[in-house]
Engineer: 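My structure is below; once you've seen it, I'll send some questions.
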Amino acid sequence: MRIEIISCQPGLIDGFFSQSIIKRALEKGHVEIILHDLRDYGHGNHKQIDDYAFGGGAGMVMMIEPISKLINKLTENCTFDEVIYLTPDGQTLKQKTVNSLSLKNNLLLICGHYKGIDERIREKYVTLEISIGDYVLSGGEIAAAVLTDSIVRLIPGVLNDETSALTDSFQDNLLAPPVYTRPSEFEGLKVPDILLSGNEKLINEWRFEKSVERTMQRRPDLLRK
């Protein structure tokens, strides 16, 4: 998989991709992540990428020309399955969307900044708009890192145990059950006997029941789906 990211502050996420699971995925060649600094395509000596909003009001808007110029250059040699704009007013990111995106070959992510990008970029290029929650960040870089991480961990070969991702929260609209590790007793707190029984069938039944119970308590809206 190839993920390209357009940002006016790529340094905010460059370090994120040099650690942990994504680092190993890059080293093994399971994914290629390319960061593009939008300021390289900015106007004039100051590499301007923002301007005042038509109609007035506070805040600046990311200009259409630098983004368009960069996207046009990238699409000369690559066809993107999705051009994704990270924005608070996009659809809220769900595991179902992540699962779908993990099957794609080429993704282009656009990180918003300031008051956002010129609407004509959204109309002309963007195929999918994603929000990671009902709040506003200083820019889309953190959201791009979140989206990238959620996708990359699903690529075959990235996780040591490929079945691990299948039991994560939100797969099948359920939260994950409680998990335990050694020691089996700590300060009077014991691991449930069923998990020490070695009976795989009963353990799986227990985990499913606990997943439903936890989902009912914490996210009943998922069960209604």
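Residues: numbered from 1 along the sequence shown.
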Engineer: Output yes when a side-chain donor or acceptor of S102 lies under 3.5 Å from a complementary backbone atom of N99, and no otherwise.
Structural biologist: yes

Engineer: Take L202 and W206 through the side-chain contact (heavy atoms from CB on, under 4.5 Å) test and state the conclusion after the steps.
Structural biologist: CA-CA 6 Å; L202 293 180; W206 180 89; over 6 Å; no

Engineer: Considering all heavy atoms of both residues, which atom of C111 and which atom of A144 are nearest to each other, and what is their separation?
Structural biologist: SG-CB, 3.7 Å

Engineer: Report the residue from T127, V126, L109 that forms a side-chain contact (heavy atoms from CB on, under 4.5 Å) with E82.
Structural biologist: T127

Engineer: Verify the cluster assignment for L195 and L175: are they in a single hydrophobic cluster under the rule of side-chain heavy atoms below 4.5 Å apart?
Structural biologist: no

Engineer: Going hydrophobic residue to hydrophobic residue with side-chain gaps under 4.5 angstrom, can you get from Y114 over to I13?
Structural biologist: no

Engineer: Hey, mind stepping through L101 and L128 against side-chain contact (heavy atoms from CB on, under 4.5 Å) and telling me if it holds?
Structural biologist: CA-CA 11 Å; L101 291 175; L128 181 62; 4.2 Å; yes

Engineer: Considering only distance and modelled atom types, tabulate donor-acceptor pairs under 3.5 Å from the side chains of residues 63-71, sequence neighbours left out.
Structural biologist:
{"residue": "S68", "atom": "OG", "partner": "N72", "partner atom": "ND2", "Å": "3.4"}
{"residue": "S68", "atom": "OG", "partner": "Y125", "partner atom": "OH", "Å": "2.7"}

Engineer: Answer yes if the side chains of T87 and E129 hold a donor-acceptor pair under 3.5 Å, and no otherwise.
Structural biologist: no

Engineer: Shortest non-hydrogen contact from I49 to C8?
Structural biologist: CD1-CB, 3.3 Å

Engineer: Which pairs with one or both residues in residues 175-199 pass side chain to side chain donor-acceptor pair (under 3.5 Å), sequence neighbours excluded?
Structural biologist: none

Engineer: Find out if a path of hydrophobic residues (ILVMFWY) with successive side-chain heavy-atom gaps under 4.5 Å connects Y41 to V83.
Structural biologist: yes

Engineer: Looking at V98, is its backbone amide N or carbonyl O close enough to the side chain of S150 to form a donor-acceptor pair, meaning the two atoms are under 3.5 Å apart?
Structural biologist: no

Engineer: As an exercise, state the distance from NZ of K94 to CD of Q91, rounded to the nearest 0.5 Å.
Structural biologist: 10.0 Å

Engineer: Without swapping roles, check the side chain of H113 against the backbone of S138 for a donor-acceptor pair under 3.5 Å.
Structural biologist: yes

Engineer: With rounding to the nearest 0.5 Å, note down the distance linking CD1 in I130 to CD1 in I110.
Structural biologist: 12.0 Å

Engineer: Any salt bridge (Lys or Arg N to Asp or Glu O under 4.0 Å) pairs touching residues 24-48, not counting sequence neighbours?
Structural biologist: R2-E32

Engineer: Does any part of the side chain of L223, heavy atoms only, come nearer than 4.5 Å to the side chain of N173, both counted from C-beta?
Structural biologist: no

Engineer: Should L108 and I132 be regarded as members of a common hydrophobic cluster, given that ILVMFWY residues are connected when their side-chain heavy atoms come within less than 4.5 Å of each other, either directly or indirectly?
Structural biologist: no

Engineer: Just checking Y135: does its OH atom have more than 12 heavy atoms from other residues, nucleotides or ligands closer to it than 6.0 angstrom?
Structural biologist: yes

Engineer: About how many Å separate CG of L86 and CD1 of I6, when rounded to the nearest 0.5 Å?
Structural biologist: 11.5 Å

Engineer: Within the 4.5 Å heavy-atom criterion, are H36 and L38 side-chain neighbours or not?
Structural biologist: no

Engineer: Within a reach of under 6.0 Å around CZ of R207, are more than 12 heavy atoms found that belong to other residues, nucleotides or ligands?
Structural biologist: no

Engineer: Would you say that L26 contacts V31 through its side chain, given a criterion of any heavy-atom pair below 4.5 Å between the two side chains?
Structural biologist: yes

Engineer: Any side-chain to backbone donor/acceptor pair from S211 onto L174? Under 3.5 Å, distance only.
Structural biologist: no

Engineer: Less than 4.5 Å apart, side chain to side chain, heavy atoms only: is that true for I151 and L147?
Structural biologist: yes

Engineer: Quick one: are E123 and E119 in side-chain contact, heavy atoms under 4.5 Å?
Structural biologist: yes

Engineer: Hey, what do you get for CG (L12) to CD (E141), rounding to the nearest 0.5 Å?
Structural biologist: 5.0 Å

Engineer: Tell me whether D81 contacts the main-chain N or O of L107 through its side chain, where contact means a donor paired with an acceptor under 3.5 Å.
Structural biologist: no

Engineer: For N204, does the CG atom have more than 12 heavy-atom neighbours from other residues, nucleotides or ligands under 6.0 Å away?
Structural biologist: yes

Engineer: Just verifying a value: how many Å separate M1 CE and I3 CD1, rounded to the nearest 0.5 Å?
Structural biologist: 5.5 Å

Engineer: So, D14 side chain and P10 main chain: donor-acceptor pair closer than 3.5 Å or not?
Structural biologist: no

Engineer: Kindly give the heavy-atom pair with the smallest separation between R214 and A176, and that separation in Å.
Structural biologist: CD-O, 3.5 Å

Engineer: Drop me the distance from F17's CZ to I34's CD1, to the nearest 0.5 angstrom.
Structural biologist: 12.0 Å

Engineer: Can you check whether N106 reaches L74 side chain to side chain, under 4.5 Å on heavy atoms?
Structural biologist: no

Engineer: Can you list the steps and then say if E213 with E209 is a side-chain contact (heavy atoms from CB on, under 4.5 Å)?
Structural biologist: CA-CA 6 Å; E213 180 181 304; E209 290 172 1; over 6 Å; no

Engineer: Can you confirm whether more than 12 heavy atoms, excluding those of L222, are under 6.0 Å from its CG atom?
Structural biologist: yes

Engineer: L137 and A143: which non-hydrogen atoms are nearest, and at how many Å?
Structural biologist: CD1-N, 4.4 Å

Engineer: Is there a path from V61 to Y85 through hydrophobic residues (I, L, V, M, F, W, Y) whose side chains come within less than 4.5 Å of each other?
Structural biologist: no

Engineer: Closer than 3.5 angstrom, by distance alone: can the side chain of Q9 be matched with the main-chain N or O of G11 as a donor-acceptor pair?
Structural biologist: no

